[in-house]
Amino acid sequence: MNKWWLIWTILIIGCEEAFEYEPFSGDELLVVEALITNERKPQEVHLSKTYTNLNGDVPRVTDALVAIYDGDTTIILTHDPERPGTYMTDSMQGLFGKVYTLYILHEGREYYAQATSAFGSPLDQIVIQEREDGLFQFIYQETYEPSMTEVIVSWEETDSLDQPVQERRRAFYYTLNSFDITSVFAPEKDLLIFPEGAQVFRRQYSLTQNHQDFIRSFLSEVDWRGGVFDVNAGNVLTNLTDGAVGYFSVSMVRTDTTEVTK
Amino acid sequence: MRTRGLYIFFLLICFKAATQAQTSFPDVRITIQEKEKTVEELLQIIESKSGVSFAYSSNYLPKDQKISINAEQKSLSEILDEVLLGLNVEYQWIEQKVVLRKSAEKGSITHYTISGYVRDKVNGESLIGATIQVGDSYVGNITNAYGFYSLTLPAGRYQLKISYVGYESQEMPVVLNRSIYLDIPITPKFSFLEAVVVAPSDSNVHMEKAISNALEIDPNRVIGKPTALGEADLIKSFDVIPGVQIFRDGSTFFNVRGGDRDQNQMLVDEAPIYNPAHFLGLFSVFIPEAIKDVKLYKGNAPAEYGGRVSSVMDIYTKDGNFKEFSLNGSVGLVSARISGEGPIKKDKSSFFISGRRSHIGGIIRGLGAEFDQLYFSDFTGKVNLQLNQKNRLFISTFLSKDEFLADGGLRWGNKAGTIRWNHVFGNRLFLNTTFYTSKYEYNLIARRDIIWKNNINNASLKTDFIFYKDPGSTIKFGLRLSGHHFNPGNIEDFAGNQYDFVPKRNASESSLYFSHDKQLGNKWSLNYGFRLSSWTNFGRTIEYEISEDHQIVDSTIYDTRASYNEYSNLEPRLNLTWNFLHGHFLKFNYSRTAQYINLISNSISPFNNLEVWLPASVNIKPQLGNQISLGWIHNKKKWMIEVDAYGKVLNNQLDYTDQAQLLLNPHLEAELRAGDSWMYGIEGTLTKNTGKLTGWLSYIYSRSFRNIPGINGGRTYPTLWDRPHQFLLSINYLQSKRLNFSGTFLMSSGAPSSRPTAYYQYAGRTVPVYSSRNNSRLPTYHRFDVGMNTRLNKREQRFNHFLGISVFNFYSQKNSILESFNKIQKTEDSYVVPASTNSGTIVPTYRFLYSIVPSITYSFKL
């Protein structure tokens, strides 16, 4: 819908400007970001807290007790001091059909969340398009089943001192079964552009209906807000209890890696 | 006994003598032409001309009343009948004299009715809301929606005063010695540059007009008002009306006294219009040149109106010129408009057609944008047939359409058609019967060749009676039957296959009303009435059973035409006016209104989008509104002061859960939450209606709150349109008959906005947390617009052409319409949503619509 932005900009004469505002003060909430996949690896749970300055530092939670119960066994996660706020299992694999329960004990309060996974659909052929300026961009193709696609692109660039610098970009794309006017007329989004020779690592996650509902609400606030058809602001959904925010999910993942060539 | 016998004999003799005297009344014919004489003076002149003597007492003849008479060779009795008309004096021929004496029986006064239409003298157009006043008294009448009036008065001679906004006031002597039909032509002021005012009422405020609660909006004023891009716009002109707020810049949504935008009823020739927006709301659908009359009721509408709890905007289109053909048009930056009208048969029937089409798409294409369609268009047409003195027929149509297509896009439009028949029974009972159909449709043409379609269709038959009992008493009653069909947004492919995710709804609505305008002496005026409305849902549809925790627990399918749910409401109305001092009026109003349809939208954007209409049904109760207001009007010759205080409580108000999914959601009703809202405020206006400089100055304090269980943690929160302080200034300066300047200044508290109270990181993105709804405000809104209109030809003639120049937002104030907290700066003046995670500093941004907007419009009248 990029054409709309040109039409709209011409039509409405005005534009967009930055402003400053005084942050509110509020309670700190526990933030949980936890995703178990069917990949055999150490699974991660990230814990942090909310903060009031828009670009403020993220307070990491390093002293929580975190466990995952898969219906048979309970796995206690250990905190990784190298990456504050990250809790890890030993190498394990999330299984389709199992119900997983996340348990967190922090500052005397207990938090729970439950999740299961959808099966998902196979990966389609990746589409990477060369641009007029010789760079490349990833073209997202919607999938048959609802999904979340993570794209990690890495390449080597030279900085101003002509030193090689490793560049890495990570972006997410989604296929949801919901329909929102704010997504159709979403604000302009920056492009993920990379040079020839870049490595494109793609991971496609299956989504349950609850996970989709969470992602829809997440996108409403982070991607779709600021368009011409904005809707009431509202908190992103969560499956955590007791006032925590964030989401705990289980997904089946398909991956591929592509080297960008002409 | 003997004495009594003599007495009876004497009476019989007298009676016989009197009878003989009557029968031998002198057969004298005289010619008399006199102006402005008292009755006594006239009797003396008649005496001298006829040679007949009169005997009377001066006590029962009016001393101040001046009478004019023009009689040629009329009999003495005919002349006396005319002179003594309405004086409650009778005459007899006794003892060779004409003896005048007071009528013995009070009940013997004969009443006659004068009725007809008040019309524009130039084009024959009937005038709605013209005042017909009897002398300087408070006795009078106001023409109804078809220009009809009826006054029943004792036989007599009267001086009628006819006044109407934008017209020369006129006085007319009437001798009422029989019921008469009288069309009254009045002369319009010379041109559209004449200063006319959007004001609570004109300077000759009549008590009945004072209690009408209607704001009369002159279409000429709308044309002359400076607007964005110079496009004359009825709804945008509301931004200077106290108690009415345009939602944000670029919007056709408006809020009246703290009510929601779906609580405003918009009627064009009695048919409802559901979306008045062109170009997503930058312009509205009403062609100003096609409008004859607009009335806006800010609540407290009379009993004949119903169906919306906040306001009624009642628009009547022009009937067409009865006298001659005329053409007018205009070209501006956005669109071109043309209107044509004329008689089909002179003074008997007429037509009016008007069309508008935008050309801004061509300009945008020229600036490099590619698209398939980008335009809006309107058409208004009417045929008016005066079948005879008692019967009139109107056939009218209203069409509006927008296409906004580029790789898919949006298309929406309104269609309405009305047939109305007016009939006058006798000369005091007016009947109007209307049949209308209307349709509103909104489409999103999306990817994969699918169309999202949402529409609402209606058909209605209504009959309204107005009985003009006497000048101080008018009774209105009527009945309406309507059918509604709602498609709350479903998918259709290009082959026409429909996929109904969201259940369609059908309903029938019936209402009957009664109201009585009653003048209680010279000081008090009362209007009371009621409306009894009922609503019935019927199949074929699916209704879901929703549990207390808003989960769908069951569903029921209802067959075609099977009724399954009913609501009915009694809606009393009361208006009381007290003229406690000369020129001072106190008004008290109470109204209760039921609303059975709801606009389902959680949009905070000023622009209209894929909103759907849903009716009251099993899970949605009808909205109910109770409003009281107390007003004071002080009307002087040049100035008018009006202060209105109001309070309003609305029940069964809908709001939406966080992140509610409203489109293509079969369980849409589970996303809704119902509660109450309440509003209060005070509006003060000082108006100057006469002279070269006219205008008004208003200050409004108003609040609007909601409390809806399940929203905002159950805490009360301000509505999106709660803007406590508002200051309005509108001025118009008529430099000469050719040149007019206008200016408006608006300032109001910023609209509420929900700002994040905290943030967190998830998947490398910054996610906002909101602790309460509408917890902050956009910056204070203010704007100054100026305009100039001039007639290009020096003298008014058959062909007149005009030039309008305006500067909207003169000092280029950047008024915020939306805020966001999710963008990064891409270039110096552009902000985008980041493509990848951890992309840099997030910048709070706001959007504004207009900087300074100069415009020029050329128009002509032929």
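Note that these values count all heavy atoms, side chains included, but never hydrogens, waters or copies made by symmetry. So that the names make sense, note that chain A is the first sequence line, chain B the second, and so on, each numbered from 1.
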Pick from B:T841, B:V334, B:L818: which one has the most heavy-atom pairs with chain A under 4.5 Å?
-> B:T841

Against chain A, label B:I817 side chain, backbone, both or neither, depending on which of its atoms sit under 4.5 Å from a heavy atom there.
-> neither

Heavy-atom distances under 4.5 Å only: say whether B:R773 touches chain A with side chain, backbone, both or neither.
-> side chain

Look at B:L662, B:T657, B:N665, B:T766 and state which one has the largest set of heavy-atom pairs under 4.5 Å with chain A.
-> B:T766

Among A:I181, A:L237, A:L54, which residue forms the greatest number of heavy-atom pairs with chain B at distances under 4.5 Å?
-> A:L54

Quick check: are there more than 12 heavy atoms from other residues, nucleotides or ligands sitting under 6.0 Å from OH of A:Y144?
-> no

Between B:Y760 and A:Y51, is the ring centre distance below 6.0 Å?
-> no

Part of A:Y173 lying under 4.5 Å from any heavy atom of chain B | neither

Below 4.5 Å from any heavy atom of chain B, which atoms of A:I193 appear? Answer side chain, backbone, both or neither.
-> neither

Do the numbers put B:R706 on top of the ring of B:Y717, so that NZ or CZ is under 6.0 Å from the six-membered ring centre and no more than 45° off the axis?
-> no

Do A:H106 and A:Y111 have ring centres separated by under 6.0 Å?
-> no

For A:N235, all residues meeting side chain to side chain contact (heavy atoms under 4.5 Å, CB included), sequence neighbours excluded | B:D658, B:V769, B:Y770

Please confirm whether the backbone N or O of B:L280 pairs with a side-chain atom of B:N608, one donor and one acceptor, at under 3.5 Å?
-> yes

Structural part of A:V151 lying under 4.5 Å from a heavy atom of chain B | neither

In terms of heavy-atom contacts, does CD of A:E22 have more than 12 from other residues, nucleotides or ligands at under 6.0 Å?
-> no

Is chain B contacted by the side chain of A:F214, its backbone, both, or neither, given a heavy-atom distance below 4.5 Å?
-> side chain

Check each atom of A:N232 against the heavy atoms of chain B and say whether the ones under 4.5 Å are side chain, backbone, both or neither.
-> both

Top contributor to chain A contacts, counting heavy-atom pairs under 4.5 Å, from B:S820, B:S776, B:A835, B:G840 | B:A835

Is chain A contacted by the side chain of B:A660, its backbone, both, or neither, given a heavy-atom distance below 4.5 Å?
-> backbone

When B:P834, B:P756, B:P844, B:S754 are compared by non-hydrogen pairs under 4.5 Å with chain A, the top option | B:P844

Listed by chain and number, what are the side-chain hydrogen bond (donor to acceptor under 3.5 Å, both in side chains) partners of A:D27, not counting sequence neighbours?
-> none

Contact part of A:V31 toward chain B, heavy-atom cut-off under 4.5 Å: side chain, backbone, both or neither?
-> side chain

Result of checking B:F376, B:Y375, B:W412 against B:F279 for ring pair (Phe, Tyr, Trp, His ring centres under 6.0 Å) | B:F376

Looking only at A:L192, A:D230, A:T52, the option with the highest number of non-hydrogen pairs under 4.5 Å against chain B is A:D230

Okay, B:D655 and chain A: the region with an atom under 4.5 Å from a heavy atom over there is side chain

Modelled atom types, side-chain donor and acceptor of A:Y140 and A:T175, under 3.5 Å = yes

For B:Q825, is it the side chain, the backbone, both, or neither that has a heavy atom closer than 4.5 Å to a heavy atom of chain A?
-> neither

Side-chain (A:S217) to main-chain (A:V236) donor-acceptor, under 3.5 angstrom | no

